[in-house]
Amino acid sequence: MIKQKELVAFPTETVYGLGADAFCVAAVEKIFKAKGRPAENPLLVHVSSIDQAEQLVSYLPEDARRLMEEFWPGPLSLVLPALGRVPDIVRGGKLGVGLRMPDHPVALRLIEQAGPLAAPSANRFGRPSPVTADHVRTDLHGQIAAVLDAGTTGVGVESTLIDLQNDYKLLRLGGISLEAIQKVLGREIEALDGGPAAQFVTDLEVILAEDIEQMTFIIEECIGRKKKTVLVNNNYQKGSNKSYTGLSREYQLDLISGGAGLYSMIRECESNNVDVMVFAPLPSDLTGIAASFADRIHRAVSARPGR
Ligand code: TXA
Ligand code: MG
């Protein structure tokens, strides 16, 4: 199907991807159309080996090789200087190409058979990334040739993305922690100012409480205003000792082991016509995967219009 210029959604360890032959412009165009994604937003090229990655870049710096050897296959994507054979449309017109080797047997098998795949997350543009095949079908029904269903993804947050072209920059925090990367490189990496745009936007009202007193106040106010309200606790705020009469639901988000919980619960709340998701306070000094989930929660809060 890939060779027939079709789109195939496939599982990775992070979220589902929407794959097309990375060298076929007509197929890659379909990705942008299916997602409703702006053309200047580049796509990661998914490979099944370091050798394959080498054939896409004009130069593979020693640091890039070290990171690949340490973390591939795994949720770390690297932006490197592209060879001309990587189509412009894949790079969003930029000089660099983003490379990723997913740690999932189905994804690796597919790439081994079909060659490098240009693939964004398999959601409509602006929606939370899909962590189940059902999420993919909901967003892209009728627009894709197939979804390879391998159940719920394990990591549940997108890959970490760093630009290694000039000054190293963290473009997106994700499945591999910044600390682990810095340890391998033996140096600090700066975060890009403000980072990339919102990862997703939901119509729900998303509120992150600063402390427990504020959380209680917000929940009681929302319930008082007859809003359908859910509370999302985390490992650091295990259940509020208080029970709130009128709360629609209480979720427990595992920030430490990660997993598909965050994106699943947002989609579930949307389907259930929840009005407000109140997130329990997050510590400010989180590390590891917890920092990546906190990043997505902060983005969901600030992506809301008027906030
Ligand atoms: O975990 C993941 O990375 C998932 C799975 C499917 O692999 N993919 C994913 O792709 O999240 P996407 O397209 O939803 O997000 C990739 C991000 C986008 O923000 C894009 O702008 C950025 O990576 N990106 C891709 N190629 C780039 C490049 N050449 N230069 C700068 N940023 C790039
Ligand atoms: Mg995406």
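Atoms within each ligand, like the ligands themselves, are counted from 1 in listed order.
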Thr12-ligand 1 polar pair, N/O distance under 3.5 Å: no
Contact with ligand 1 for Glu13, non-hydrogen, under 4.0 angstrom: no
Atoms in ligand 1 with a heavy atom of Leu43 nearer than 4.0 Å: 25 (C), 26 (N)
Tyr251 side chain near Asn233 side chain, heavy-atom distance below 4.5 Å: no
Ligand-residue contact atoms, ligand 1 with Asn41, heavy atoms, under 4.0 Å: 18 (C), 20 (C), 21 (O)
Under 4.0 Å to a heavy atom of Val97 - the qualifying atoms of ligand 1, by number: 29 (N)
pair Val28-Pro87: side-chain heavy atoms closer than 4.5 Å: no
Any N or O of Thr14 closer than 3.5 Å to N or O of ligand 1: yes
Subset of ligand 1 atoms that lie under 4.0 Å from at least one heavy atom of His46: 5 (C), 6 (C), 7 (O)
Common cluster, Ile162/Leu99, ILVMFWY with side-chain heavy-atom separation under 4.5 Å: yes
Options Ser121, Ala9, Pro81, ranked by nearest heavy atom to atom 8 (N) of ligand 1, top entry: Ser121
Gly96: numbered ligand 1 atoms lying under 4.0 Å from its heavy atoms: 29 (N)
Sub-4.0 Å heavy-atom contact, Arg91 with ligand 1: no
pair Arg109-Glu112: side-chain heavy atoms closer than 4.5 Å: yes
Polar contact flag for Tyr16 and ligand 1 (N/O pairs, less than 3.5 Å): no
Min N/O separation Glu158 to ligand 1 under 3.5 Å: no
Atom NZ of Lys5 with >12 non-hydrogen neighbours under 6.0 angstrom: no
Any Phe279 side-chain heavy atom under 4.5 Å of Leu262 side chain: yes
Side-chain heavy-atom pair Leu117, Leu110 within 4.5 angstrom cut-off: yes
Ser121 N/O/S atom closer than 2.8 Å to the Mg ion (ligand 2): yes
Output field: ring centroids His135/Tyr263 closer than 6.0 Å: no
Atom CD of Gln214 with >12 non-hydrogen neighbours under 6.0 angstrom: yes
Option nearest atom 25 (C) of ligand 1 (shortest heavy-atom distance, choices Pro42, Gly175, Gly92): Pro42
Non-hydrogen atom of Pro102 closer than 4.0 Å to ligand 1: no
4.5 Å side-chain heavy-atom contact, Ile50 and Arg65: yes
Gly17: numbered ligand 1 atoms lying under 4.0 Å from its heavy atoms: 6 (C)
